[in-house]
Amino acid sequence: MQEYDLVVVGSGPAGRRGAIQAAKLGRKVLVIEQGKRVGGVSVHTGTIPSKTLRETALNLSGWRERGFYGRAYRVKQEISADDLRRRLLITLDHEVEVLEHQFARNRVQHIRGKAKFVTADTMEIAKDDGETIHVQAKSIMLAVGTKPYRPDSIPFDGISILDSDELLDIKELPRSMAVIGAGVIGIEYATIFSALDTQVTVIDPKATILDFIDKEIIEEFIHDLRDRNMKLILGQKADKVEKLPNGKCEITLDNGRHVTCDMVLYAAGRVGATDSLNLAAAGLTADSRGRLSVNPETFQTEVPHIYAAGDVVGFPALASTSMEQGRIAARVAVGAIAKEPPKYFPYGIYAVPEISTCGLTEEEVKERGIPYECGMARFRETSRGHIMGLNSGLLKMIFSLKTRRLLGVHIVGEGATELVHIGQAVLNLKGTVEYFVENTFNYPTLAEAYKIAGLDAWNRMGDLSQTG
Ligand SMILES: Cc1cc2nc3c(=O)[nH]c(=O)nc-3n(C[C@H](O)[C@H](O)[C@H](O)COP(=O)(O)OP(=O)(O)OC[C@H]3O[C@@H](n4cnc5c(N)ncnc54)[C@H](O)[C@@H]3O)c2cc1C
């Protein structure tokens, strides 16, 4: 039986980053991946496919130019599912190639197969050809990620009633679509299809959406969605989903109303992919959603030499944070020092329009009783916004009145997921409102919104240099 210093199950962001980290520290590492190619959910069904689809949709629809040329403007008149898939396949090929090269360069071995525990330090790998092999490890990292939640009550058919994995294989773009679940994935796809002129209805039992984002930003976002005729049915549950004899889908809501559409995307959550790991053999148990609990500093499970990182440990369930978790877990596993990442990390929602945020929301600042002031800037106040024909876009910053430090930055609009990093840097470097007022920004840029928002807050906070 082969022995390894670290065996990693899953080749998504957490697994691959952890594996490469341990290999760089001179350890013998094996990655076990059941998928056809390495990369995980992130590369094959999640982050990269959805972002590629978004980019293709925005480019082919001419979305970014509509502020100038009107809502009827199109770059390509008839956009097909094949148009969307073409760019996706090329992007995925590049991603996989880069990953395989990284594994080869760092001498990380990888094997295709499904892993499960035999004992707490032995894993069985079931290969596609029916062969099973066993490997032994000093440490094990479970980076198995999640899969879509598929309740039995939903008649998934892979054609018109789909989960978010299946959505990537559709043959035709629907004229109308209902999205059940207004979480990040549901909202991203709903707005991408809306940009492709699909009539989209979003249904969620909660009366509000994306509650972890600053409320004012969400109000702006919802205004934008309603302005382009997206329908949001909030505070109502989808009780039943069925396929009608005419090929349409019908959703019955808990108040008896019906929603009829060509396609249903069921995006009401994901569960940890732990069901086939035979966790009991290792002395581990998962929670009701298949997730594992870990020490948040070391990513050790209750069995100290078994680590878990990435989406399988729950919030924030991002590719970006999963990578950091994998790196820390691998360093702890091989006995290296693992520095905690800085306190504030950005959260990006690649909807149309984008939302990105870092630090405290206004609601959190109020809850903590911190005296504060906000600064706001609309993208249409910037020259770059005029050039780009932007009608919407809002940047909001929150500052402490006592220390003048930036507490949170919240953005909705074009480029939000890139722009947020300026705020993130100032936050983690403990910068104050003066940073934005005193520094020169490139002109014309959307980043100038930082200066406008900084000045907006500073005007109300008072100029400390005058009072000494
Ligand atoms: C539609 C969608 C959009 C997203 N968009 C973003 C985004 O824009 N930005 C962002 O930061 N995050 C995004 N995410 C989240 C991101 O994809 C995840 O946070 C990230 O993929 C989690 O990484 P991970 O390392 O936990 O594992 P995953 O990427 O989930 O990969 C786990 C791997 O483990 C393998 N595996 C599971 N069980 C076994 C087993 N028993 N044996 C062998 N292999 C196994 C699986 O096949 C899989 O390849 C998105 C997710 C989805 C679904």
Side-chain angles (χ1 to χ4, degrees), residues 7-19 30-55 95-96 99 110-117 123-128 135 140-149 162-168 179 181 183-190 192 265 267 269-279 282 286 290-292 294 299 307-327 329-330 345-351 354-356 416-417:
V7 164
V8 178
V9 186
S11 66
R16 69 181 188 244
R17 188 70 181 266
L30 174 71
V31 174
I32 310 168
E33 170 58 60
Q34 67 188 3
K36 281 199 192 81
R37 301 175 81 189
V38 293
V41 165
S42 171
V43 169
H44 298 286
T45 51
T47 317
I48 306 296
S50 57
K51 265 79 267 182
T52 310
L53 193 74
R54 179 182 191 276
E55 201 59 28
E95 286 278 322
V96 172
L99 288 183
H110 64 97
I111 184 167
R112 183 167 168 209
K114 199 176 178 90
K116 70 172 186 189
F117 283 103
M123 298 211 88
E124 179 185 289
I125 306 166
K127 291 168 59 181
D128 270 1
V135 290
I140 292 171
M141 187 196 300
L142 301 175
V144 292
T146 54
K147 51 190 179 180
Y149 171 56
L162 313 153
D163 66 28
S164 64
D165 287 0
E166 294 167 329
L167 188 66
L168 301 168
V179 176
V184 174
I185 295 171
I187 287 289
E188 283 189 1
Y189 278 128
I192 292 170
L265 168 64
R270 297 179 65 87
V271 289
T274 47
D275 51 347
S276 58
L277 282 172
N278 193 21
L279 290 174
R291 302 212 164 104
L292 294 167
V294 288
F299 294 93
Y307 297 75
D311 282 13
V312 74
V313 305
F315 188 83
L318 289 169
S320 50
T321 48
S322 296
M323 286 184 218
E324 281 312 293
Q325 294 175 357
R327 187 183 63 83
F345 61 86
Y347 208 108
I349 300 177
Y350 292 77
E354 285 170 39
I355 298 175
S356 201
T417 53

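Start at 1 and go down the list; that is how both ligands and their atoms are numbered. Scope of the values below: all heavy atoms of this structure, side chains included, with no hydrogens, waters or symmetry mates.
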For this session: Take D311 and R270, measure what salt bridge (Lys or Arg N to Asp or Glu O under 4.0 Å) needs, and give me the verdict at the end.
Result: CA-CA 10 Å; D311 282 13; R270 297 179 65 87; 5.3 Å; no
For ligand 1, find each of its N or O atoms that sits under 3.5 Å from a protein N or O atom, and tabulate the pairs with distances to one decimal place.
| from | atom 1 | to | atom 2 | distance (Å) |
| --- | --- | --- | --- | --- |
| ligand 1 | 5 (N) | K51 | NZ | 2.9 |
| ligand 1 | 8 (O) | K51 | NZ | 2.7 |
| ligand 1 | 11 (O) | A319 | N | 2.8 |
| ligand 1 | 12 (N) | T47 | OG1 | 3.4 |
| ligand 1 | 12 (N) | A319 | N | 3.1 |
| ligand 1 | 14 (N) | T47 | OG1 | 3.3 |
| ligand 1 | 17 (O) | T47 | OG1 | 2.8 |
| ligand 1 | 19 (O) | D311 | OD1 | 2.7 |
| ligand 1 | 19 (O) | D311 | OD2 | 3.2 |
| ligand 1 | 19 (O) | A317 | O | 3.3 |
| ligand 1 | 19 (O) | L318 | N | 3.4 |
| ligand 1 | 19 (O) | L318 | O | 3.3 |
| ligand 1 | 19 (O) | A319 | N | 3.1 |
| ligand 1 | 21 (O) | S42 | N | 3.3 |
| ligand 1 | 25 (O) | P13 | N | 3.3 |
| ligand 1 | 25 (O) | A14 | N | 2.8 |
| ligand 1 | 26 (O) | D311 | N | 2.8 |
| ligand 1 | 29 (O) | V41 | N | 3.0 |
| ligand 1 | 29 (O) | S42 | N | 3.2 |
| ligand 1 | 31 (O) | V41 | N | 3.4 |
| ligand 1 | 41 (N) | A115 | O | 3.1 |
| ligand 1 | 42 (N) | A115 | N | 3.0 |
| ligand 1 | 44 (N) | Q34 | N | 3.1 |
| ligand 1 | 47 (O) | E33 | OE2 | 2.7 |
| ligand 1 | 47 (O) | Q34 | NE2 | 3.2 |
| ligand 1 | 49 (O) | E33 | OE1 | 2.8 |
| ligand 1 | 49 (O) | E33 | OE2 | 2.9 |

Exercise. When you check the gap from the basic side-chain N to the acidic O, do E354 and R54 get nearer than 4.0 Å?
Worked result: yes
For this session: Output all residues satisfying side chain to side chain donor-acceptor pair (under 3.5 Å) with K116, sequence neighbours left out; order by chain, then residue number.
Result: none
Problem set entry | Verdict with supporting geometry, E188 and K51, salt bridge (Lys or Arg N to Asp or Glu O under 4.0 Å) | CA-CA 9 Å; E188 283 189 1; K51 265 79 267 182; 2.6 Å; yes
Exercise. Do you know which two heavy atoms are closest between V271 and Y149, and how far apart they sit?
Worked result: CG1-CD1, 4.1 Å
Exercise. What pair of heavy atoms forms the shortest contact from V31 to G10, and how long is it?
Worked result: CG1-O, 3.8 Å
